[in-house]
Amino acid sequence: MAKYTAIPQGYMTVGEAAKKMGVTVRTLQYYDKEGLLSPSAESSGGRRLYTDKDFVKLHQILSLKSLGFSLEDIKKRLISLDTPADVAEALTKQADEIRCKIEQLSETLTAIEQLKAEVLQMQSVDFKKYADIIVNLQMKNEFYYLLKWFDTETLDYIRSRFDKESGLDFLERFQRLSNGLLQLEKDGIPPESEECQQLTGTYWSLILEFTGGDMSLLPKLMEIGSSIKNEPGGQSQITGAYLESALHIYFSKLGVNPFDGVSQNED
């Protein structure tokens, strides 16, 4: 560090630098102590002296700090500013970090707005369910909106039966099957067709996989299904009449009706 008997032109005392840089003297002293921003020179009287180059470096530090980086991370990301290329590289990295932060903030804002919309549709305050919705939003699970329709008992069952990976895998398979049945309906393929019956059988297998064979869950699933209307993911929903007809034909061929057992259990 250069030392001067007097303050040369182009240099600032710590007080002058703090005022120009919009920070406190204590902040500059702390950054100096932590090895983030040391003054460029020192007077013979021990006064720390800063330059405009230090101002640019401080701008790097403050920008990275505003993006949530720790001081230790900032140390690793600081770039020397000895050449125009160095300055350009520092600004490029800073711009990249800001773009990334903007994207993260945009996603967070979208998640907040989505959560607000779901909360307003729920009939009571349920922070456990709010937390489930937030987790699924963070996972970018497109089926997050379904959670508000499940009661506490059903959600507890889902938590006990599926983890993150198996839950997403199940929903993706369910989505593919639902889309397949929906396409058959749009194409005018009758429910009794072999193609529709094959998909219906696989669809029913997924329902059994979800319930674990517990038929007492069927009324709840039917109630939830009838409640879901005009949702963002509505394209994956099948017209009730088409699916009911396909299932009726499927069960008739099997010679069983799982819903009869449910009614008997409830009576």
Subject >> Residue pair Ala18 / Val25: nearest heavy atoms and the distance that separates them >> reply: CB-N, 3.8 Å
Original post:
Do the side chain of Ser252 and the main chain of His248 share a donor and acceptor less than 3.5 angstrom apart?
Top reply: yes
Original post:
Got a donor-acceptor contact below 3.5 angstrom from the Glu192 side chain to the Ala246 backbone?
Top reply: no
Original post:
Counting distance only, does the side-chain N/O of Glu42 pair as donor-acceptor with the main-chain N or O of Leu49 below 3.5 Å?
Top reply: no
Subject >> Joint cluster assignment, Leu177 & Ile249, ILVMFWY side-chain distance < 4.5 Å >> reply: no
Subject >> Close side-chain approach of Leu208 and Trp204, heavy atoms under 4.5 Å >> reply: yes
**OP:** Could you tell me which non-hydrogen atom of Tyr242 sits nearest to which non-hydrogen atom of Leu181, and how far apart they are?
**Re:** CE2-O, 3.7 Å
Original post:
Given side chains that start at C-beta, do those of Arg173 and Thr202 come closer than 4.5 Å, heavy atoms only?
Top reply: no
Subject >> Trace of the side-chain contact (heavy atoms from CB on, under 4.5 Å) decision for Glu194 with Gln198 >> reply: CA-CA 6 Å; Glu194 182 179 352; Gln198 285 181 347; 3.5 Å; yes
**OP:** Walk me through it: do Asp52 and Met12 pass the test side-chain contact (heavy atoms from CB on, under 4.5 Å)?
**Re:** CA-CA 9 Å; Asp52 286 334; Met12 299 168 278; 4.1 Å; yes
Original post:
Just wondering, are more than 12 heavy atoms of other shown residues or ligands nearer than 6.0 Å to NZ in Lys19?
Top reply: no
Original post:
Which heavy-atom pair separates Asp54 from Met21 by the least distance, and what is that distance?
Top reply: C-CE, 3.9 Å
Original post:
NZ of Lys75 to CD of Glu72: how many Å apart, nearest 0.5 Å?
Top reply: 5.0 Å
Original post:
Quick one: CG on Leu58 to CG on Leu36, what's the gap to the nearest 0.5 Å?
Top reply: 10.0 Å
**OP:** Hey, could you give me the CD/OG1 distance between Glu195 and Thr200, rounded to the nearest 0.5 Å?
**Re:** 10.5 Å
Subject >> Reported CG-to-CZ distance for the pair Leu37 and Arg48, which is rounded to 0.5 angstrom >> reply: 11.0 Å
Original post:
Would Arg99 and Asp96 pass as an ion pair if we require N to O under 4.0 Å?
Top reply: yes
Original post:
Would a 4.5 Å heavy-atom cut-off, applied to side chains only, mark Tyr31 and Ile74 as touching?
Top reply: no
Original post:
Which atom names give the shortest non-hydrogen contact between Tyr203 and Leu243, and what distance separates them?
Top reply: OH-CD2, 3.4 Å
Let me have the donor-acceptor pairs involving side chains of residues 61-68, under 3.5 Å, with sequence neighbours excluded, atom names and distances please.
residue, atom, partner, partner atom, Å
Ser63, OG, His59, O, 2.8
Ser63, OG, Gln94, NE2, 3.0
Ser66, OG, Ser63, O, 2.6

**OP:** Identify the two heavy atoms, one from Thr51 and one from Tyr11, that lie closest to each other, and give their separation to 0.1 Å.
**Re:** CG2-CE2, 3.4 Å
Subject >> Spacing of CD belonging to Glu16 relative to CZ belonging to Arg47, to within rounding of 0.5 Å >> reply: 7.0 Å
Subject >> For Cys196 against Leu184, the heavy-atom pair lying closest together >> reply: CA-CD1, 3.6 Å
Subject >> Any Asp32 side-chain heavy atom under 4.5 Å of Pro39 side chain >> reply: yes
**OP:** Compare all side-chain heavy atoms of Lys53 with those of Val56 and state whether any distance is below 4.5 angstrom.
**Re:** no
Original post:
How long is the gap from CG on Asn179 to CG on Leu199, to the nearest 0.5 Å?
Top reply: 11.0 Å
